[in-house]
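Report on one structure; see the data block that follows.
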Amino acid sequence: MPYSLLSADELFTEDDRGSAKQKKVKIVFVIGGPGSGKGTQCKRIAQQFGYTHLSVGEILRQEISSGSETGSMIQKIMKEGKLVPSDVTVRLLQQAMQGINSDKFLIDGFPRNEENVKAFEDLTKMEPEFVLYLDCPQDEMEKRLLSRNEGREDDNVETIRKRFKVFMESTLPTIEYYESKGKIRKVDAGKSVDEVFESIKVIFSQGKDNKVPPSRHKCKCLIL
Ligand SMILES: Nc1ncnc2c1ncn2[C@@H]1O[C@H](COP(=O)(O)OP(=O)(O)OP(=O)(O)O)[C@@H](O)[C@H]1O
Ligand SMILES: Nc1ccn([C@H]2C[C@H](O)[C@@H](COP(=O)(O)O)O2)c(=O)n1
Ligand SMILES: [Mg+2]
């Protein structure tokens with residue numbers, strides 16, 4: 001189904017004295033495997049560094065709760081641990097951003113694949129300032145998800161394993177892509193919540209030129 005997508009200007013321009021003025025918006029993507037602690041750490045980052053936290057998974061779950069046809073489609077996909085088509089995801093993300101007057105967005109759980117990256121770049125003509133990557137061992141992530149207890153339909157062993165596979169096959173290549181642009185900031189997310197946040201604070205306290213050594217992930221390169 002075609003969606004009417006707004007351009008970067010329509011999304012990010014404010015007209016406050018009769019003349020169109022470009023509003024500078026800073027975007028940080030937060031990625032990591034299922035259960036790596038994205039939501040947990042984003043709440044702290046938002047509080048301490050003044051970002052607006054948007055969880056893309058949460059935005060999709062809100063659409064499910066709305067009872068719309070799109071919501072039923074999203075629900076089926078999520079139950080199977082798969083990814084929602086990017087035109088749907090980016091449209092809902094854009095709508096959420098439009099409704100908030102903020103110049104600093106922390107976008108949790110995005111991008112998840114090459115299609116997400118391309119849809120976002122094509123639509124907004126923007127790039128993230130940097131991409132925070134929470135790197136966590138799979139057995140630790142599985143343990144966390146199985147004791148999360150938030151009633152999520154996708155927190156069962158079968159779906160969790162599928163989500164891990166999607167992360168390895170589809171999300172890791174996006175990390176390679178941003179790494180080639182010097183935008184990945186990786187932290188060891190297998191430690192305690194406080195320890196992980198200590199490493200994150202260092203990153204958010206530094207300027208945008210802060211660089212980390214390339215990671216050892218072996219993934220195919222992402223060609224956009
Ligand atoms: N560093 C940590 N140590 C132990 N438990 C943690 C840590 N970080 C988060 N948790 C717990 O693990 C569970 C998953 O965390 P969280 O929801 O933040 O992960 P997520 O990356 O957002 O997962 P998803 O991709 O499924 O949304 C939660 O119950 C949370 O309280
Ligand atoms: N960019 C995204 C983000 C999320 N989804 C879907 C697939 C995920 O398993 C689910 C839950 O997301 P989470 O709360 O774990 O971040 O939402 C997607 O398709 N595309
Ligand atoms: Mg989450």
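Numbers here are sequence positions counted from 1. Counting starts at 1 for both ligands and their atoms, following the listed order.
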Q: Kindly indicate whether the side chain of Lys165, heavy atoms from C-beta on, has any atom under 4.5 Å from the side chain of Ser170.
A: no

Q) N/O to N/O below 3.5 Å, does that happen between Glu140 and ligand 1? A) no

Q.
In the structure I gave you, are the side-chain heavy atoms of Thr70 and Arg91 within less than 4.5 Å of one another anywhere?
A. yes

Q: For Leu145, counting its heavy atoms only, list the atoms of ligand 1 lying under 4.0 Å from any of them.
A: 26 (O)

Q. If you measure from each non-hydrogen atom of Arg152 to ligand 1, which part falls under 4.0 Å: side chain, backbone, both or neither?
A. side chain

Q.
Tell me the contacting part of Glu150 for ligand 1: side chain, backbone, both, or neither, using a 4.0 Å heavy-atom threshold, strictly below.
A. neither

Q: Indicate, as side chain, backbone, both or neither, the part of Ser192 found under 4.0 angstrom from ligand 1 when only non-hydrogen atoms are considered.
A: backbone

Q.
Salt bridge check, Asp154 against Lys79: does any charged N sit closer than 4.0 Å to a carboxylate O?
A. no

Q. Looking only at non-hydrogen atoms, which of Lys79, Glu150, Arg112, Arg163 approaches atom 12 (O) of ligand 2 most closely?
A. Arg112

(Q) Checking the N or O distance criterion of under 3.5 Å, is ligand 2 in contact with Gly109? (A) yes

(Q) Please report whether ligand 1 has a polar contact with Asp108, defined as an N or O pair separated by less than 3.5 Å (distance criterion only). (A) no

**Q.** Close N or O approach (Pro34, ligand 1; < 3.5 Å)
**A.** no

Q) Would one find an N or O of Arg163, backbone or side chain, under 3.5 Å from an N or O of ligand 1? A) yes

Q: Answer side chain, backbone, both or neither: which part of Asp155 comes under 4.0 Å from ligand 1, heavy atoms only.
A: neither

Q) N/O of Asn116 under 3.5 Å from N/O of ligand 2, yes or no? A) yes

Q.
Ring of Phe130, cation from Lys183 - is the NZ or CZ under 6.0 Å from the centre and inside 45° of the axis?
A. no

Q. Between the side chains of Glu63 and Gln75, is a donor N or O closer than 3.5 angstrom to an acceptor N or O?
A. no

Q. From Arg185 CZ over to Glu129 CD, what is the distance, rounded to the nearest 0.5 angstrom?
A. 9.0 Å

Q. For atom 17 (O) of ligand 2, which candidate among Met78, Glu115, Lys162 holds the nearest heavy atom?
A. Met78

Q: Looking only at distances, please establish whether an N/O atom of ligand 2 is found under 3.5 Å from an N/O atom of Val84.
A: yes

Q. When the ring centroid of Phe110 is compared with that of Phe120, is the distance short of 6.0 Å?
A. yes

(Q) Among all the protein's non-hydrogen atoms, which is closest to atom 23 (O) of ligand 1, and how far away is it? (A) Gly35 N, 3.0 Å

Q) So which of Glu80, Lys38, Lys82, Glu58 gets nearest to atom 7 (C) of ligand 2, if we judge by its closest heavy atom? A) Lys82

